[in-house]
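Remember, it's a predicted structure, so these values are computed and weren't measured experimentally. We count ligands from 1, going down the list as the structure has it; atoms in each ligand are counted the same way. Counting from 1, the numbers follow the sequence of the chain as shown.
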Amino acid sequence: MAAPGRQRLMRILITGVCGFVGSTLAECLLERVEGLRITGMDNLMRPGTETNRARMEHLGVEFIHGDLRSASDVASLPACDWVIDAAANPSVLAGLSGAGSSRRLFEHNLAALGNVLEYCREHKAGLLLLSSSRVYSIPALCDIPLQVRNQAFAVDSASPLPRGLSADGIGVDFSTAAPVSLYGATKLASETMALEYGAAFDFPVWITRCGVLAGAGQFGTPSQGIFAYWVNAHLRRRPLRYIGFNGSGFQARDAFHPRDLARLLLAQTRTARSSGQRVYTAGGGPANTMSLTQLTDWSDQQFGQHAPVPDPAMRMYDIPWVAMDNTDAALDFDWRIESPLSAILEEIAQHARSHPDWLEISHV
Ligand SMILES: NC(=O)c1ccc[n+]([C@@H]2O[C@H](COP(=O)([O-])OP(=O)(O)OC[C@H]3O[C@@H](n4cnc5c(N)ncnc54)[C@H](O)[C@@H]3O)[C@@H](O)[C@H]2O)c1
């Protein structure tokens, strides 16, 4: 217990601390919160994440090499006030043949969460769960009325829109009916388990369904971290493909920076409310949405022309358009994104130029 008159310093556990989001959150939170102590666990399974270990230790993060699937690894962690759960296999293709086994996906993304929830129960630690836009129904996402604007799919607001969708993007009430992808299902089940544990054992749980997170240092691949992958691959003249959607490249995603997510998570830790809305959507929103064709145009201007090859065959779980609605997060946490997509892309390009072997490090 803290001595009278002295505030006890906040302590946060970040799972997946050497991943792109976990490491960026650690850095941003340490910049923002005086005296904050961070413990981080990672099994370094994602290629490239070992490059963040020294960086984290240099920042003063107490790094523990361990696996969240192991109850005894998690039990060895020191008590913390909050857990940011940023460990997962985050690819929408995870669990499908060629992208790792479904059992591994289940163990890393869902069974491991059981150990994290037991940790929260034991230490009465609050949980900040990073969920995903992938919890939404794929047929419902594919049925969104769209039009093509400036070589990108965009919502056709003149048509009737389904529940949970407005001109501001996709909100929490949009359909989560299966199928949502194996990855999405692990996230949706994680949300349910987290809320249930929080209610049963009286610890706070905040869930943020994130749109695409992007920035420098992301270990992008063709199936995850698309903005970083595309910019690096374009610069290094790797073959690029417009998969599905008639090979148009019009599929569009919103993107935001983990720096902005860090401010939202901090606001959540500072909100004492114990009932009411616990699940929020957060992302770049319609204003920070870009199609692959637009991303190629942007990259052409930076690095010279490099044309992707159309590959019209649809890939499983592909969807044409996603942008998250930030209205609830703005109302309840006074939260808005500060990094526009242009700044995020410039940051990625700068990092790509100074890391010529980034795709090899990321095992692409
Ligand atoms: N990047 C995005 O666009 C995005 C969007 C929505 C949600 N999310 C969520 O944010 C979180 C972080 O994503 P990211 O982009 O940083 O991914 P990442 O792959 O860069 O980081 C995940 C980290 O978790 C670690 N990890 C995985 N399983 C583990 C285990 N069993 N034990 C210990 N460590 C383990 C990996 O080694 C890696 O360092 C994930 O939960 C993801 O689902 C990401």
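The protein heavy atom nearest to atom 28 (N) of ligand 1 is His108 ND1, 3.4 Å. In terms of protein heavy atoms, atom 4 (C) of ligand 1 is closest to Leu213 CD1, 3.8 Å. Scanning the protein heavy atoms around atom 7 (C) of ligand 1, the nearest turns out to be Ser131 O, 3.2 Å. With hydrogens left out, the protein atom closest to atom 30 (C) of ligand 1 is Asn43 ND2, 3.3 Å, a heavy atom. The closest protein non-hydrogen atom to atom 13 (O) of ligand 1 is Val21 CG2, 3.9 Å.
Heavy atoms of Ser23 come nearer than 4.0 angstrom to ligand 1 in no pair at all. Residue contact check for ligand 1: Gly66 places a non-hydrogen atom closer than 4.0 Å to it. Residue contacts with ligand 1 leave out Gly225, since none of its heavy atoms falls under 4.0 Å from the ligand. Under a 4.0 Å heavy-atom criterion, Gln224 is in contact with ligand 1. At least one heavy atom of Gln218 sits under 4.0 Å from some atom of ligand 1. Ligand 1 lies less than 4.0 angstrom from a heavy atom belonging to Lys187. Under the 4.0 angstrom criterion for non-hydrogen atoms, Gly48 is not in contact with ligand 1.
Between the Asn232 side chain and the Ala352 main chain, no donor and acceptor come within less than 3.5 Å of each other. No donor-acceptor pair closer than 3.5 Å links the side chain of Asn109 to the backbone N or O of Thr186. A side-chain donor-acceptor contact under 3.5 Å links Ser91 to the backbone of Leu93. Here the side chain of His257 pairs no donor or acceptor atom with the backbone of Ala216 at under 3.5 angstrom. The closest donor-acceptor contact from the side chain of Arg46 to the backbone of Phe219 lies under 3.5 Å. Side chain of Thr293 to backbone of Ser248: a donor-acceptor contact under 3.5 angstrom is found. Remark: side-chain polar atoms of Glu50 are paired, donor with acceptor, to backbone N or O of Gly48 under 3.5 angstrom. Under a 3.5 Å cut-off, the side chain of Thr281 and the backbone N or O of Asn326 do not form any donor-acceptor pair.
For the pair Arg253 and Trp321, the NZ or CZ position fails the cation-pi test of under 6.0 Å to the six-membered ring centre and within 45 degrees of the ring normal.
Counting heavy atoms under 4.0 Å from ligand 1, residue Ser133 does not touch it at all. When heavy-atom distances to ligand 1 are checked against a 4.0 Å cut-off, Tyr183 comes that close only through its side chain, counted from C-beta outward. Contacts between Asn89 and ligand 1 below 4.0 angstrom, taking non-hydrogen atoms only, are absent altogether.
Looking at ligand 1, you won't find any N or O of Ser132 less than 3.5 Å from one of its N or O atoms. For Leu68, a nitrogen or oxygen atom sits less than 3.5 Å from a nitrogen or oxygen atom of ligand 1, counting backbone and side chain alike. Taking distance alone, with nitrogen or oxygen atoms compared against 3.5 Å, Met41 stays at or beyond that limit from ligand 1. The shortest N or O to N or O distance between Phe219 and ligand 1 is not under 3.5 Å. Polar contact check, Gly19 against ligand 1: a nitrogen or oxygen pair lies under 3.5 Å apart.
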For residues 160-176, dump all side-chain donor-acceptor pairs below 3.5 Å to protein atoms at least two apart in sequence or in another chain.
from	atom 1	to	atom 2	distance (Å)
Ser166	OG	Asp168	N	3.0
Ser175	OG	Ala177	N	3.1

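Of the candidates Ala111, Ala94, Ala88, it is Ala88 that places a heavy atom closest to atom 40 (C) of ligand 1. Nearest-heavy-atom check against atom 12 (C) of ligand 1 across Pro90, Ala282, Ala86, Ser190 picks out Ala86. Nearest to atom 36 (C) of ligand 1 by heavy-atom distance, out of Ile226, Asp42, Val212, is Asp42.
A side chain to side chain donor-acceptor pair (under 3.5 Å) check over residues 135-150, counting only residues at least two apart or in different chains, returns the pairs Tyr136-Arg209.
Between Tyr317 and Tyr183, the distance from one ring center to the other does not fall under 6.0 angstrom.
Aromatic ring orientation, Tyr119 versus His123: tilted (interplanar angle from 30° to 60°).
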